[in-house]
Structure formats: structure tokens, C-alpha cells
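This report refers to the structure that appears directly beneath it.
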Protein chains: 2
Amino acid sequence: MGAGDTMVVAKPAASAKGTRERILDIALDLFIEKGFDKTSLREIAERLGFSKAALYYHFASKDDILLALHYRLHDSLKGALGSVHRDPSVASWAALLDGLIDQMLANRRLFVLHERNRAAFEHLHAEGHEAEHEDFEEDFRQMLADESVPLRDRVRMACSFGAVMGGLFLGGDLFGRAPSDALGPLLRDAVGDLLKGASGA
Amino acid sequence: MGAGDTMVVAKPAASAKGTRERILDIALDLFIEKGFDKTSLREIAERLGFSKAALYYHFASKDDILLALHYRLHDSLKGALGSVHRDPSVASWAALLDGLIDQMLANRRLFVLHERNRAAFEHLHAEGHEAEHEDFEEDFRQMLADESVPLRDRVRMACSFGAVMGGLFLGGDLFGRAPSDALGPLLRDAVGDLLKGASGA
DNA sequence: GTCTATATTTCGATAGAC
DNA sequence: GTCTATCGAAATATAGAC
């Protein structure tokens, strides 16, 4: 192989990550910082160093950018949660949360994005941006809606989810300096205490 | 007093609540349903039955409407939380949450609004819409940032807050049909378990 | 207090050259 | 793949009559 090769591996400079991914990284920053709606494509392009129109080579629309970020989130969950049984029991819920905590710690910013732009994400869903949404929260809601589970348990389940969100994101990255190895066990402890108090446990 | 009086009390019809408050009620509905940014003044006016321009008699701007809703939230908390000590201890935190749960149960929709439009609310703050923000979450953050409290306890505190949010709002009003008298004790139980597990308790 | 215009701005998106 | 230039739509906000 010569030096002037077109091999995909080990590109020299900034585009090692692919322009598309770089756009998503910048968009993630801005959508968190200013919110999806208050972020213009002009700003994204500006921060990337090229023009607004160039974005449309990589994405069909602004919504499409958010959708791609939605998939990042979705994919990070699919792996961790895909194999877990979705029956509405406290035990499955505990397993679900266990995998969830790992993903949240590994991809905090994606979850912050989702938390800070709930309206925008749901608008995406409503707007007919078809595809497999399978918004994980929708699964959760279904489990929580099952009235064959005592209300007390369902409240505990919802609380435990909120507890993880709160512990990680309350108003931003409060414990951002705390390493994941410290935070993880503390969160698991808290969830454990909560679910232990469920009537069916 | 004659029948054609201009007395403020007991107006006959819809405006018994005051046009300003009616606007806020409709805006609250729409901001929850579609999000602040995706809701136009035209829509608000339409649902109210009068024209867009009329809104500007009651509010200086769209942001001003959101700000007024922020004050509703703020006021509902000021009463319940104003007298609580803000020292960063698990005990004060418990007292804080206790008052908070009452307010959240009484004004769920205001909290849902806040949860679903975080970016918009913080934009309000950033935009120089001065006034006393004193966003309650800011107080919370300060207490949680105090490093004289063990990390374990602070995580528990954050979790307990999240637990309440989660228990009430996970994806909307899942337990909306559950009466507040049933939900309140369940939430207090959960919070109790969480804070009981703090090292300093 | 509410109306009918209309001004103004910003943004998402497209066209077409290079 | 990226650019310049521009279109068209929508929304906030204002002016001024009633």
C-alpha cells in the first residue's frame, strides 16, 4: 500500500471522526447549552468552521440532526436493555435500572440532552418522523401503567428511575467531578433501598 | 348598589378570573402540550377566542408569559419552603422535600411545565430577564455542592429529589388518576427510605 | 381592550456554481 | 463536499383605528 492511499483507517486530521459525527458532537453541545429550538443551523455551522448550507449535505433537516442524536441514545440503550424481560415486575425493573445506570454513566451528555429538550424530542415523535422510535421511556410507561402491579410498587419503580436521573443530572453535572466508579455504587445502593421497600419484594 | 355596577366582585362570565390569568391558563396547557418554542402566540390567541395583538395588551412579550408562569411556580414554593433552613444537612433536606411534595401534588401541571421546558426556562434566566429568579433548583444545587457533606449523603439527597419528580411525572401524569392522598404518603415513604440510608442519619 | 393591518427579523431550506 | 446567494414561511412585535 502506497502512502497516498485512500484507506479509511488512520486519516490524518480533524475528519478522522467523520464530518457527520463532528456535526453531531457540536450539535449535542449546543442543544444542551442553548436548547434545540434556540440553536440555529447558522450557529452550528459557525462553530464547525463551514457554512450552513454544507450541513444539508450531511443531514436532510434540522430535525434530522436531533433524530440522529436520538439514535445515539437509543443505540446505547438497546445494547444494555435489549435482553431484559419487560414483564411488569419489580425484579425486571431492577434489572432494567441496573443496565440503565451503566449507560447513563457512560453517556451522561446524551441523557442531559434528552432531559433538557423533552418537548423537542416528543415533537419529533409526533411529527411523523417515523422509524423505530421505541423511545425507552415508552416501554417504562407501559410497565408502570400495568394495574396488576400494586400502586405502591409502581410508585417505587417510578421513584427509583427518577432517583437515578436526579442523582446524575439534578440541574446539570453537579457530581460531574465524581468519578463514575464512585457514583455507580451509590446510585445502585439508593435504587436497592427503594425497591427493597416495594411490597412485592 | 345598582345592577349595572362596576364592582370587581362576582363578574358574571368567563372573565371572572381575569383575562391575564386566563391567558396564563391556556398558555400553560399549550406549553406543556407542544412545548414553549413550538407554541405560537397565534395559537394561544386562537384558543382564547381573540386576536394575537390583544395578548400584547396583557403581556409585553412571549417570554413575559413564560416568566409569569415561572412566578406562579416560584410563589407556590416560596410559601412552603421559605421558612426552611437552607443549611446543607440531610435533616433540612428532608424538611425541604416534605414541603415540596405538598406543593408538587397541589400544582402538578406547573412542575410538568418546568420539567418539559427546562431549556426555555434557563434561557429566560440567561437572557437577562432579571427580577428575582431565585430558581429553587439553584438553592438545591448550592446545598448539594457543599463538599463538607459526604458524597454519599449528597447523592442520596439528589436521588430523593429525583425520586419525587419521577414518582409524580415520569413521562407525564402516569399516576394522574391516583388521588393525591394516596400518592403523597407513598412518596414520603420512598423519600424516607432514601434519606434513612444516608450516612449521617 | 380588542381589532386589522403591517413591519421586522430570523430561520430553515433550496439552487446552482465550483 | 463546500460555497454564495436567495427564497419562502412563520413568528414576534408594533401602529393605529375603534
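Letters A, B, ... mirror the listed sequences (proteins, then strands); counts begin at 1. None of these values were measured; they are calculated from a predicted model.
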Carboxylate-amine/guanidinium contact [X] [Y], below 4.0 Å:
X	Y	value
Glu147(A)	Arg154(A)	no
Arg72(A)	Glu21(A)	yes
Lys78(A)	Asp75(A)	yes
Arg118(A)	Glu137(A)	yes
Lys196(B)	Asp193(B)	yes

Any protein N or O atoms within reach of nucleotides 7-10 of chain D? Criterion: under 3.5 Å, listing atom names and distances.
none

Can the positive tip of Lys62(A) be found less than 6.0 Å from the middle of the six-membered ring of Phe36(A), inside 45° of the ring normal?
-> yes
Earliest and latest nucleotide of DNA chain C, 5' to 3', sitting under 4.0 Å from a non-hydrogen atom of chain B?
-> dG1(C) to dT4(C)
Could you state the [atom1]-[atom2] distance from [X] to [N], rounded to the nearest angstrom?
X	N	atom1	atom2	answer
Tyr57(A)	dT4(D)	OH	C1'	19 Å
Glu43(B)	dT12(D)	CD	C1'	14 Å
Tyr56(A)	dA5(D)	OH	P	18 Å
Phe59(B)	dA13(D)	CZ	P	13 Å

Using a 4.0 Å heavy-atom cut-off across all strands, classify Phe50(A) as base, sugar-phosphate, or nothing.
-> sugar-phosphate
Phe121(A) and His70(A) aromatic ring geometry - parallel, tilted or perpendicular at 30°/60° bounds = tilted
State whether a side-chain donor-acceptor pair under 3.5 Å links Asp146(A) with Ser148(A).
-> yes
